[in-house]
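First up is the structure itself, then whatever we jot down about it.
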There are 2 protein chains.
Amino acid sequence: MNNSDLKKAGLKITLPRVKILEILEKARDRHLSAEDIYTILNESGEEIGLATVYRVLTQFEEAKLVIRHHFSEGHSVFELDLGTHHDHLVCVKCGHVEEFVDELIEKRQKAVAENAGFCMTDHSLNIYGICKACQM
Amino acid sequence: MNNSDLKKAGLKITLPRVKILEILEKARDRHLSAEDIYTILNESGEEIGLATVYRVLTQFEEAKLVIRHHFSEGHSVFELDLGTHHDHLVCVKCGHVEEFVDELIEKRQKAVAENAGFCMTDHSLNIYGICKACQM
DNA sequence: ATTAAAAGTGCGATTTTTTGCATGATTGAA
DNA sequence: TTCAATCATGCAAAAAATCGCACTTTTAAT
């Protein structure tokens with residue numbers, strides 16, 4: 001995920017966008033909220049407004065550079081969209097996120113949608129719990 | 001779901017709470033947001049503040065009278081908690097919600113969590129698509 | 001019925017997220 | 001390079017969601 005991906009998406013290459021992409025790259029195991037990203041930017045001395053962070057993330061979502069998730073915390077969190085579909089295990093204590101794919105579940109989802117007469121466009125499965133590290 | 005359920009939850013029986021429960025009862029096929037409920041209250045002439053609606057819904061959630069969902073629209077929506085776990089098919093056009101349970105998916109979820117060393121506390125599966133009615 | 005304790009409500013203030021607008025930066029063509 | 005067109009940004013203002021506090025209402029014991 002780099003500047004040429006921005007270009008492809010019809011977005012100009014600007015400091016806020018490059019920095020935000022970098023931050024998302026470095027946090028692949030931990031999905032970040034807009035506020036998280038804003039804090040990280042501030043701490044590294046970048047003078048980027050919170051409004052810009054929200055705006056950029058929304059644009060990235062539209063451009064399919066990132067995926068927005070609505071975990072049960074309330075606010076949205078974001079991760080880079082690497083094109084490979086997956087579901088999530090979310091630790092409710094530390095926020096750690098693990099990804100998984102289960103073909104059987106995928107298959108059954110399709111079947112459920114079909115049975116109900118739905119034309120499936122998307123789906124999201126989140127399993128919440130306490131991760132290994134937090135159990136100790 | 002009635003006044004005695006409020007009592008059991010340690011909540012006093014007040015007009016806002018009773019009215020909000022009634023509204024949720026009548027909208028079982030369509031999950032409502034706080035704003036939706038506020039609008040319905042206003043239209044039926046009740047002078048209940050938006051803050052109260054948010055507060056009551058949060059209390060209901062804590063009391064396990066309602067379940068809060070984070071569908072992809074962004075804001076939370078609520079449904080009565082009738083005690084039977086289920087997942088959701090959500091129509092992205094009309095907001096219609098259908099419930100389903102698939103034992104195979106349930107089983108696989110447990111297995112996935114276990115394999116990852118997670119102690120599962122909860123899970124949510126939403127399938128988004130166009131419902132039968134909206135396809136015509 | 002009366003009443004005191006506890007809990008709930010509405011209002012306004014606060015926080016969180018989004019938007020509008022004037023200024024400033026990026027881009028590709030000359 | 002330079003320049004004009006276009007798009008982005010920051011700020012302040014607006015919406016959306018939440019919280020604090022003074023005032024009511026509910027409750028259940030009398």
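Each chain gets a letter, A, B and so on, in the order its sequence line appears, and its residues count up from 1. Basis for what follows: all heavy atoms, side chains included, without hydrogens, waters or symmetry-related copies.
- Atom P of nucleotide D:dG10 and atom CG of A:Asn42 are separated by 11 Å, given to the nearest angstrom.
- For the side chain to side chain donor-acceptor pair (under 3.5 Å) with A:Glu79, the qualifying choice from A:His88, A:Arg28, A:Arg30 is A:His88, the only one to do so.
- Within a 6.0 Å sphere centred on CD of B:Glu22, heavy atoms belonging to other residues, nucleotides or ligands number more than 12.
- In this structure, A:Tyr38 atom OH and D:dT9 atom C1' are separated by 13 Å, rounded to whole Å.
- Separating the OH atom of B:Tyr54 from the P atom of D:dC19 is a distance of 12 Å, rounded to the nearest angstrom.
- Between atom CG of residue B:Asp5 and atom CZ of residue B:Arg17 there is a gap of 13.5 Å, rounded to the nearest 0.5 Å.
- Heavy atoms of B:Leu50 sit nowhere under 4.0 angstrom from any nucleic acid atom.
- Evaluation of atom-type donor-acceptor distances gives a pair under 3.5 Å for the side chain of A:Lys12 against the base of D:dT6.
- We find that CZ of B:Arg68 is positioned 11 Å from P of D:dA17, with the value rounded to whole Å.
- A distance of 9.5 Å separates CG of A:Leu89 from CG of B:Asn115, quoted to the nearest 0.5 Å.
- The separation between A:Phe60 atom CZ and D:dA8 atom P is 10 Å, rounded to whole Å.
- Side-chain nitrogen and oxygen atoms of A:Arg55 include none within less than 4.0 Å of the OP1 or OP2 phosphate oxygen of D:dA8.
- Counting heavy atoms of neighbouring residues, nucleotides and ligands inside a 6.0 Å radius, atom CD of A:Glu46 exceeds 12 of them.
- Taking atom CG of residue B:Asp36 and atom P of nucleotide D:dA17, one finds them 10 Å apart after rounding to whole Å.
- Taking the six-membered ring for Trp and thresholds of 30 and 60 degrees, B:Tyr128 and B:Phe71 have ring planes more than 60 degrees apart, a perpendicular arrangement.
- Counting non-hydrogen atoms under 4.0 angstrom, B:Leu11 reaches the backbone sugars and phosphates but no base.
- Positionally, the nearest nucleotide of DNA chain C for B:Gly10 lies more toward the 5' end than for the other of B:Gly10 and A:Ala51.
- Donor-acceptor pairing under 3.5 Å is lacking for the side chains of B:Asp36 and B:Thr39.
- For D:dG10, one of the phosphate oxygens OP1 or OP2 lies less than 4.0 angstrom from a side-chain nitrogen or oxygen of A:Thr52.
- Place B:Arg17 and A:Lys7 on DNA chain C by their nearest nucleotides, and B:Arg17 ends up nearer the 5' end.
- Where DNA chain C meets chain A (any atom under 4.0 Å from a heavy atom), the bounding nucleotides read 5' to 3' are C:dT17 to C:dT27.
- Between the CG atom of B:Asn3 and the P atom of D:dT25 there is a distance of 18 Å, given to the nearest Å.
- What separates CG of B:Leu57 from P of D:dT18 is a distance of 10 Å, to the nearest Å.
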